[in-house]
Amino acid sequence: RRVHGRRTNSAFDFKSMEEASVGHAKLLFTAPSIVGDVVAHVLRALIETVRTQTFSAAGAAAMQAEIDALRVEVLAMLEQDRFTASLLEELVRSLRDRSLPSH
């Protein structure tokens, strides 16, 4: 992967992307703002999908583990964004509401 002619191993090289921010019509587009909007959109879609499913105890536990891992990565990438954190909490609540009790 190349960013501005340099090779990078990271999935997102925010530092380089922020340096290449584009100012237009009093709007400033930065990598974290764009990625934050994409993540929010994906989380909303995932919340709606979870609300239409029923999860076994094992399925819910697996999903919870994935959400926990996602939380660490996403919040680190977006610098502890409160809106994203609230969407992740809503996802957990929806998962709990749609999970069958363990036997």
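Worth saying up front: this structure is predicted, and the values here are computed from it rather than measured.
- Listed by first and then second residue, the salt bridge (charged side-chain N to carboxylate O under 4.0 Å, His left out) pairs involving residues 49-61 are E48-R51, R51-E90 (not counting sequence neighbours).
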Please tabulate, for the side chains in residues 37-44, all donor-acceptor contacts under 3.5 angstrom to protein atoms that are two or more places apart in sequence or on a different chain.
none

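- For T52, the side chain to side chain contact (heavy atoms under 4.5 Å, CB included) test picks out no residue, with sequence neighbours left out.
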Compile the donor-acceptor pairs under 3.5 Å between side chains in residues 58-74 and protein atoms, sequence neighbours left out, one pair per line.
residue, atom, partner, partner atom, Å
Q64, NE2, D68, OD1, 2.9
R71, NH1, E89, OE2, 2.8

Output, in order, the C-alpha distance, side-chain angles, deciding distance and verdict of side chain to side chain contact (heavy atoms under 4.5 Å, CB included) for F55 and L95. CA-CA 8 Å; F55 296 88; L95 177 63; 3.7 Å; yes
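- Nearest heavy-atom pair across S94 and I47 is OG-CG2, 3.9 Å.
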